[in-house]
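Here's the structure, in structure tokens; my notes come after.
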Amino acid sequence: MSKENGVIYRISGPVVTAVGISPRMYEVVRVGNEGLMGEVIELHGDQSVIQVYEETSGVRPGEPVVRTGQTLSVQLGPGLLTKIYDGIQRPLPELEKTMGVFIKRGVDADGLDLEKIWSFNATAKAGDSVSSGDILGTVQETKTIEHKVMVPPGVSGKIKSIDSGDFNVTQTVCTLEEGAEIQMMQKWPVRTPRPFTKKHAPEVPLQTGQRILDFLFPLAKGGTAGIPGPFGSGKTVTQQQLAKWSDADIVVYIGCGERGNEMTEVLDEFPHLMDPKTGEALMNRTTMIANTSNMPVAAREASVYTGITIAEYFRDMGYDVALMADSTSRWAEAMREISSRLEEMPGEEGYPAYLSSRLAEFYERAGRVETLAGGDGSVSVIGAVSPPGGDISEPVSQGTLRIVKVFWGLDAGLARQRHFPAINWLNSYSLYPPSLDQWYRDNIKSDFPEIRTEISALLQVEAELQEIVQLVGSDALPVDQQLTLEVARMIREFFLQQNAFHDVDTYSDLKLQYNMAKAILSFQEESKKAIAGGAALEDVVNVPARTDLMRGRFESGYEDKIDEMLEAMNKQIADTMEAN
Amino acid sequence: MTGKEYRTITDVKGPLVFLNKTEPVAFGEIVELRLTDGTLKNGQVLDTSDDQVIVQVFEGTASIDKQTGIKFLGDVFKLPVSTDMIGRILDGAGRPRDGGPAIVADEMADIIGAAINPYSRQSPSSFIQTGISAIDACTSLVRGQKLPIFSASGLPHNDIALQIARQAKLVGSDDDFVVVFCAMGITAEEYNFFVHDLERTGALENACLFVNLADDPAVERLITPRLALTAAEYLAFEHDYHVLVIYTDMTNYCESLRQIGAAREEVPGRRGYPGYMYTDLAMLYERAGLVKGKKGSITQFPILTMPGDDITHPIPDLSGYITEGQIVISRELHQKGIYPPINVLPSLSRLMNAGIGDGKTREDHKSVSDQLYAAYAQGRELRGLVAIVGEDALNERDLQLLKFADIFENQFLRQSRDEDRSIGEGTLDYAWELLSNIDTKYLVRLDQKWIDKYHPTDKKE
């Protein structure tokens with residue numbers, strides 16, 4: 001038998017070495033007199049190396065280390081939504097209750113409220129044969145989300161008894177003939193992906209209401225996206241916009257090593273935000289994990305796993321889940337910090353050699369799947385990356401780009417011009433359009449993909465023309481190219497720029513996006529005609545109705561007015577011809 | 001605790017002392033070293049095991065020999081705090097430097113500082129008027145924010161910091177700021193400049209200084225900011241003060257961090273700085289903010305000089321990822337003779353939107369700020385073009401924007417060192433007046449309703 005109790009041999013920051021125990025890799029242990037939570041990350045002769053999730057100052061060699069026999073796990077069940085956790089699923093409001101506004105150590109808190117009574121509504125019945133992942137019943141967890149209670153992985157059999165009624169999460173709601181008792185709460189080790197039947201190709205876009213994302217570089221439900229960008233380029237705002245407006249059923253937001261005030265802003269704001277579809281608070285579908293930059297580094301390392309496990313759990317119920325991780329660079333740095341304390345041989349820039357495989361494993365937990373119960377669920381992962389100096393040749397950005405299918409490249413230059421979202425349309429890409437185009441044709445407009453191609457082609461042409469303009473000035477260009485520049489400017493200022501802080505402009509649905517893009521192309525068309533008919537470019541681009549059309553996007557009801565405004569603009573453009 | 005004195009030093013390397021055969025020593029424990037001539041030094045445990053203990057010595061390891069006695073004090077580093085600290089000058093280790101008596105402790109506070117539970121924070125949203133237009137209009141500061149000044153050697157960052165310390169106030173409130181000033185490795189000359197200015201304006205009475213000068217031990221710099229922040233937390237969260245913490249120069253702090261890392265033979269990260277520098281800096285910067293149920297606040301103004309004016313250097317880079325924006329000082333503007341030489345384009349205040357607008361500053365603030373940025377950015381870009389093709393190649397719009405860039409720098413940015421502009425009349429109205437040099441039809445960032453309301457009508461077309 002392996003030994004259960006040992007003692008501390010060495011302490012170096014968050015890394016503690018113990019002797020006298022032989023735990024399993026990734027087993028959770030209790031360290032020191034205060035019983036700090038730690039995880040075994042290396043076995044070395046008779047020494048076990050432990051990363052500790054709490055501050056270690058004051059801990060001495062010789063203090064006890066105790067095995068728990070379990071790997072780092074999260075509690076899954078009703079009560080996850082609307083919660084805010086730290087990196088190891090301790091609810092922050094609970095921590096405030098037990099230790100005040102500053103985070104002290106040695107405090108345990110359950111991820112789920114074990115006392116709270118939920119009304120369980122059985123959908124399976126006695127005599128049914130059930131297996132892992134099958135749905136036994138439902139709980140109305142929040143106003144908008146129905147929580148599905150599932151058979152935990154690894155359990156199957158014939159139902160002996162099942163009851164609707166009021167239970168807390170640890171009471172048995174269902175007994176199988178083989179004797180297994182099923183509660184609403186299940187546990188799952190965070191570093192192991194939850195099982196599913198098979199992965200499907202993503203075919204449905206994740207609608208975000210952000211024009212440049214939805215229209216030019218769409219993400220599919222079950223897809224992966226990376227947002228690298230230097231500080232101040234708007235990563236966090238973009239992530240928060242996605243958390244607010246994307247049409248996922250469930251949102252898991254991981255603030256990993258980020259600013260405390262920023263998390264507070266999210267916490268203050270979310271409960272007041274309304275879901276445009278249901279009219280209910282967005283918080284009802286959201287779980288947050290906040291491990292700010294000054295909280296223990298090992299818990300930061302764990303936070304992304306905690307988040308994705310919760311996301312997978314909701315996926316297994318058949319929901320579309322969107323997970324935002326802000327920022328994966330901080331996660332990678334936590335790995336680097338731990339690795340350097342372990343005196344491991346470093347790879348590039350001091351990061352451990354296993355960095356890219358860890359990144360790949362994480363993003364691979366995304367996907368659209370057929371669940372064990374036969375339903376259809378997805379986890380989409382959007383990871384922010386914070387490359388030092390904004391230079392994406394560094395290991396975390398490169399490791400991410402090798403895996404993700406969508407790249408939203410944030411650009412400091414655009415941010416400086418206050419062009420937001422500061423996503424560079426020339427180097428960003430999405431590999432999903434070919435598999436999504438059919439959906440757009442069926443659900444929005446049959447020529448949606450063609451319009452998109454025209455818009456991005458115009459932006460390409462502009463970039464080439466700009467190089468010439470830099471040398472000779474725009475007046476030296478022929479009129480048709482000057483018009484192209486005007487059209488591209490309209491795409492940038494009217495379509496791509498979107499004000500996240502403006503009540504109306506913050507969200508545009510796909511239909512409106514399509515209409516706006518069409519309006520731009522229509523402007524190009526009509527202007528060409530007018531110029532061919534003798535109108536001056538200056539007059540054409542300055543028709544007042546165009547300014548109205550462009551400013552109109554800040555007014556509510558724009559989707560109903562845009563056609564009218566477009567007509568007015570086209571008419572005024574046609575008039576410029578007659579004036580000459 | 002034990003009170004035992006060990007004479008078991010095996011190695012001394014840079015600021016580190018290695019010793020063995022001790023009783024179990026706690027990680028982070030405070031250490032007293034007694035040299036053979038009786039001098040006392042202080043240190044802290046960086047690594048501890050049954051076989052070996054590594055101690056970092058704050059005052060440097062000069063004169064330490066193998067006979068030096070080492071005593072473990074059984075506790076982590078604590079600072080005696082009291083409201084009497086206001087008006088005092090202390091050294092980098094928290095001892096009086098002004099010849100006054102020792103601080104009588106009201107409380108002994110752990111200097112590491114626990115992380116504030118993000119759930120217990122309160123969102124900062126009270127606008128602080130600095131009286132400097134560039135900051136108030138474009139990178140507005142709010143109470144509880146951490147907003148560093150990214151500068152470089154030879155630039156007037158100290159003047160700007162002092163001007164902010166002097167002028168900072170909440171509009172429509174009498175609450176004053178207490179300034180906690182933390183000097184890390186600055187020269188005696190710079191130090192005198194600060195002290196004289198604080199004395200001259202009477203601000204010293206409302207300030208508490210922690211001073212580690214360039215010739216003080218480099219390792220001490222690692223604790224100086226922690227002491228300053230501990231004092232700040234005590235004043236803010238125990239005694240309801242609004243505290244403005246100015247620390248200079250973060251670059252010296254990071255150098256010390258690198259020095260320790262190298263002495264411990266750690267695997268270095270970028271440019272030799274330790275891989276944990278992000279976390280370490282976060283543990284300082286994140287000690288800004290407001291906490292639910294407490295009246296006080298901590299606002300931080302770290303000053304750092306970017307080596308080689310390079311904003312991608314690890315020090316400004318990692319800082320920028322933690323702080324809520326940055327104010328960037330520009331050599332180009334400084335050389336044009338503009339004070340304060342703030343380049344608003346790379347500058348940013350992340351908490352600005354929460355602190356401005358109707359009821360806080362003015363309803364048109366956001367629009368005006370966006371428009372100033374956009375027009376100035378385009379104007380500056382056009383300067384490059386003009387250098388190649390000349391002004392003749394520009395159209396009317398571009399000409400106006402080009403001209404605006406000069407107006408913006410010479411009139412909006414430029415102000416004197418004691419000029420205190422109010423946000424409404426001094427800054428925003430002035431911005432409208434300057435923006436009226438551009439045709440309204442080119443002012444696309446301004447809502448029509450603000451144009452109707454604030455555009456100086458006599459110049460309106």
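Throughout, a chain's letter reflects where its sequence line sits, starting with A, and its residues are numbered from 1. Note that the structure is a prediction, hence the values are computed from the model and not measured.
Rounded to the nearest 0.5 Å, atoms OH (Tyr278(B)) and OG (Ser386(A)) are 7.0 Å apart. Between atom CG of residue Asn261(A) and atom OH of residue Tyr285(B) there is a gap of 15.0 Å, rounded to the nearest 0.5 Å. Going from atom CD1 of Ile84(A) over to atom CG of Asn117(B) covers 8.0 Å, rounded to the nearest 0.5 Å. To the nearest 0.5 Å, atoms CG (Leu281(B)) and OG (Ser293(A)) are separated by 9.5 Å. Expressed to the nearest 0.5 Å, how far CG of Asp370(B) lies from CZ of Phe501(A) amounts to 10.0 Å. Considering CG of Asn294(A) and CD1 of Ile112(B), their distance stands at 12.0 Å, rounded to 0.5 Å.
Proximity to chain A (any heavy atom under 4.5 Å) is shown, for Ile30(B), by neither the backbone nor the side chain. With a 4.5 angstrom heavy-atom cutoff, Arg264(B) touches chain A only via side-chain atoms. For Thr323(B), the part lying under 4.5 angstrom from a heavy atom of chain A is the backbone only. Using a 4.5 Å cut-off between heavy atoms, Ile388(B) touches chain A through its side chain atoms alone. Residue contact with chain A, scored on non-hydrogen atoms closer than 4.5 Å, involves the backbone of Pro316(B) exclusively. With a 4.5 Å cut-off on non-hydrogen atoms, Phe237(B) touches chain A through its side chain but not through its backbone. Of the atoms belonging to Ala377(B), it is side-chain heavy atoms, and not backbone ones, that fall under 4.5 Å from chain A. If you measure heavy-atom distances from Val386(B) to chain A, you find no contacts under 4.5 Å at all. At a 4.5 Å heavy-atom cutoff, Glu396(B) makes no contact with chain A through either its backbone or its side chain. For Glu63(A), no part lies near chain B; criterion is any non-hydrogen pair under 4.5 Å. Only the side chain of Asn353(B) comes within contact range of chain A, judged by heavy atoms closer than 4.5 Å. Of the two parts of Pro268(B), only the backbone, made up of N, CA, C and O, holds a non-hydrogen atom closer than 4.5 Å to a non-hydrogen atom of chain A. For a residue to count as touching a neighbouring chain, one of its non-hydrogen atoms must lie under 4.5 Å from one of that chain's; by this rule Ile11(A) touches chain B with backbone and side chain alike.
Judged as a ring-ring contact (aromatic ring centres under 6.0 Å, His included), and not counting sequence neighbours, the contacts of Tyr273(B) are His313(B). Under the ring-ring contact (aromatic ring centres under 6.0 Å, His included) criterion, Tyr85(A) pairs with no residue at all, not counting sequence neighbours.
One finds a salt bridge joining Glu29(B) and Arg60(A) here, because a Lys/Arg side-chain nitrogen approaches an Asp/Glu carboxylate oxygen to under 4.0 Å.
Without hydrogens or angle criteria, Arg259(A) side chain to Ile322(B) main chain gives a donor-acceptor distance under 3.5 Å.
Taking the side chain as every heavy atom from C-beta outward, Glu265(B) and Glu343(A) never approach each other to under 4.5 Å. Side-chain atoms of Lys235(A) and Tyr321(B), non-hydrogen and from C-beta on, do get closer than 4.5 Å to each other.
Counting only N and O atoms by type, the side chains of Thr236(A) and Arg350(B) include no donor and acceptor under 3.5 Å apart. In this model, no donor atom of one side chain and acceptor atom of the other lie less than 3.5 Å apart for Glu286(B) and Thr292(A).
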